Amino acid sequence: MFGFGVLKGMSVTLWNFILSYIYPKKGITTVQYPEKKKEVEERFRNFPFLVYDGTPDNMRCVACDICAKECPPKCIYIIPEKDAQGRIQKKPATFDIDYAICMNCGICEEVCPFDAIFMDHEYELSEYDRLSDLMYPKEKLLKPVEHFMKIRPTDCGAIEAQRAAKGIKGRAAQVQSAPAATVKPAETQQNPPANA
Amino acid sequence: MSETALHSQEPQLLEVSIGPQHPSTHGVFRMNVVLDGETIVKLKPVMGYLHRNHEQLAENMSYLASMPYTDRLDYICSMTNNFAYATAVEKLAGIDVPERAQYIRVLMAELTRLVNHTLLVGFLLNDLGAFFTPILYAFREREKILDFFEATAGSRMMCNYFRFGGLKSDLPAGGLEQVKKIVNNYSRFLDEFERLLTNNEILRSRCQNVGILSKELAVSASITGPMLRASGVNYDIRKVDKYSIYDRFEFKVPLGKVGDVYDRYYVRILEMRESIKILQQILKQMPEKGEIISAKGAAAGKSPRMWKPPAGDAYGRIESPKGELGFYLVSDGTPKPYRYHVRPPSFINITILEDMCLGYKVADAIIILGSVDIVLGEVDR
């Protein structure tokens with residue numbers, strides 16, 4: 001009978017319409033976004049951030065430039081700090097990530113031997129000026145290790161356990177344990193944990 | 001206009017440019033159409049609006065750094081793009097893949113096939129004028145698979161999940177349960193989808209005997225994928241090449257009879273049902289535990305900038321949801337590929353558009369284009 005297929009199809013739309021009233025849980029799959037938000041998965045990755053232990057001075061990054069060289073779209077800019085004699089220190093003076101260029105691939109996180117850079121969960125990052133506002137400097141990128149623990153407990157727990165097993169402490173812990181000795185924090189981080 | 005031109009018997013041809021900003025050209029694609037009345041006399045596809053220099057970019061960076069760029073080729077099926085590229089590099093460097101990683105790879109590829117075909121049917125119906133009801137049902141189901149991708153790979157569409165010799169990470173806790181739920185509910189969704197569409201008289205009269213592609217033409221134009229199988233040629237790289245572990249699964253290759261738009265629609269529905277069968281077998285056979293990346297592969301991923309495959313060349317191909325997706329790599333022993341070439345199924349399948357559209361109306365050209373299943377990220381690269 002001509003038209004029967006159309007009617008059959010209409011019954012599907014009608015059923016879906018009714019379903020959204022009888023079982024809103026099953027029938028409605030959308031979320032009223034700005035008011036309600038869907039929780040992101042733990043492994044969700046968006047943009048990178050830098051980790052520090054304790055205070056922002058004790059950042060883990062040693063300005064080795066590996067992430068900047070491995071980054072496929074080349075969105076990381078690093079200039080290492082220099083002391084009065086002009087020797088290069090194992091700490092970045094400038095660490096900028098251009099969020100307008102970053103493509104959220106997560107390769108920086110994979111190649112970093114010092115567990116210093118990880119992907120964040122923050123996704124509401126719209127700005128008025130893409131050139132100045134989306135260029136994230138070191139100050140905006142630095143976040144405590146507790147933040148990392150909060151957003152990705154499984155990954156962070158495994159990495160911190162690995163670091164503890166290898167005897168790598170954060171710079172803060174080291175300064176407290178040996179305040180008299182000259183602190184060369186980078187030396188303790190010569191043997192990075194294998195981070196696949 | 002002179003009197004003679006008005007009354008002449010010569011057909012007055014009209015040239016129309018459809019796109020590149022037309023919603024039913026699936027992206028920035030343009031068709032220059034010459035019309036006689038409403039009938040198509042000539043059709044010229046114009047592409048290149050989304051050209052991003054993918055191949056040259058890849059020749060200037062390390063092997064692994066191209067992996068996230070392959071996601072952006074066919075942005076609906078990033079997992080299969082990763083799969084093809086990883087296959088090519090593994091062939092080039094002779095890297096083996098552990099058992100469990102193979103299963104997860106095939107799992108991801110088949111889920112991607114579900115995503116692609118569901119979306120395609122939705123978009124095809126949009127082109128037909130069933131405005132947004134079927135596509136939203138398709139999106140609803142796709143969302144569940146994308147949630148699983150997000151939980152596993154970290155991203156919904158730009159997954160970047162495959163590595164040479166394995167995968168980036170294992171499945172998350174509860175990942176397999178999520179897949180089981182998707183697989184168990186999917187055939188019910190397909191039944192619902194088919195009740196909505198397959199026997200619909202409007203869909204049948206618009207699609208049947210429209211845009212017929214003959215067997216001979218399809219083969220000589222090197223069309224692959226569901227397009228080719230809808231014309232009745234039994235050619236599926238999963239069966240022919242048996243890459244990865246496809247020889248362990250039992251599945252049929254659905255074939256069309258006529259080669260029209262309706263066959264292309266229905267072959268995809270049937271392929272989804274076969275994919276579900278493969279997924280069920282994977283869930284049964286998959287080893288509980290195991291390595292996810294081989295030692296050689298892990299070494300390649302440790303410092304991608306320094307990793308050098310031996311000199312030589314390799315062509316790795318897989319059956320992507322759109323057809324044969326292949327990567328041809330030439331290595332000269334340096335960390336950057338000497339030549340990097342993509343064989344994109346969308347691009348090659350679109351070359352035959354004019355032959356299918358001649359003699360049909362403009363509205364038919366839109367659905368013929370829709371049934372070819374192109375993604376402009378892959379066509380233009």
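Small disclaimer: the values here were computed from a predicted structure and weren't measured. Protein chains get the first letters and strands the later ones, always in sequence-line order, with residue 1 at the start of each.
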* After noting the C-alpha distance and the side-chain angles of B/F193 and B/Y137, does the key distance pass the side chain to side chain contact (heavy atoms under 4.5 Å, CB included) rule? -> CA-CA 8 Å; B/F193 217 38; B/Y137 292 162; 4.1 Å; yes

So, the part of B/A151 with a heavy atom under 4.5 Å from chain A: the answer is both

B/W307 and B/Y63 aromatic ring geometry - parallel, tilted or perpendicular at 30°/60° bounds
perpendicular

In terms of heavy-atom pairs under 4.5 Å with chain A, the winner among B/L203, B/T133, B/L57, B/D170 is B/D170

From the list A/E41, A/E109, A/E42, salt bridge (Lys or Arg N to Asp or Glu O under 4.0 Å) partner of A/R152 resolves to A/E109

Of A/G9, A/G106, A/P72, A/P73, the largest count of non-hydrogen pairs under 4.5 angstrom with chain B goes to A/P72

Turns out that what part of A/T29 lies under 4.5 Å from chain B's heavy atoms comes down to side chain

Under 4.5 Å to a heavy atom of chain A? For B/D71 that would be neither

Ranking A/I66, A/T13, A/N16 by heavy-atom pairs under 4.5 Å to chain B gives rank one to A/N16

Bottom line for B/P172: the part with an atom under 4.5 Å from chain A's heavy atoms is both

Lys/Arg-Asp/Glu bridge criterion (N-O < 4.0 Å) met for B/E192, B/R140 = yes

Salt bridge or not for A/R60 and A/D53, using N-O below 4.0 Å? yes

Scored by heavy-atom pairs under 4.5 Å with chain A, the best of B/S62, B/A298, B/S66, B/S169 is B/S169

If you count heavy atoms of other groups shown closer than 6.0 angstrom to NZ of A/K74, is the number above 12? yes

**OP:** Please work out which of the three classes, parallel, tilted or perpendicular, describes the rings of A/F118 and A/F148, given edges at 30° and 60°.
**Re:** parallel

Chain A shares the most heavy-atom pairs under 4.5 Å, among B/T152, B/L64, B/I293, with B/T152

Bottom line for B/M158: the part with an atom under 4.5 Å from chain A's heavy atoms is backbone

Turns out that what part of B/R163 lies under 4.5 Å from chain A's heavy atoms comes down to side chain

Answer key: most heavy-atom pairs under 4.5 Å with chain B among A/K8, A/K38, A/E70 is A/E70

Checklist line | Atom CD of A/E39 with >12 non-hydrogen neighbours under 6.0 angstrom | finding: no

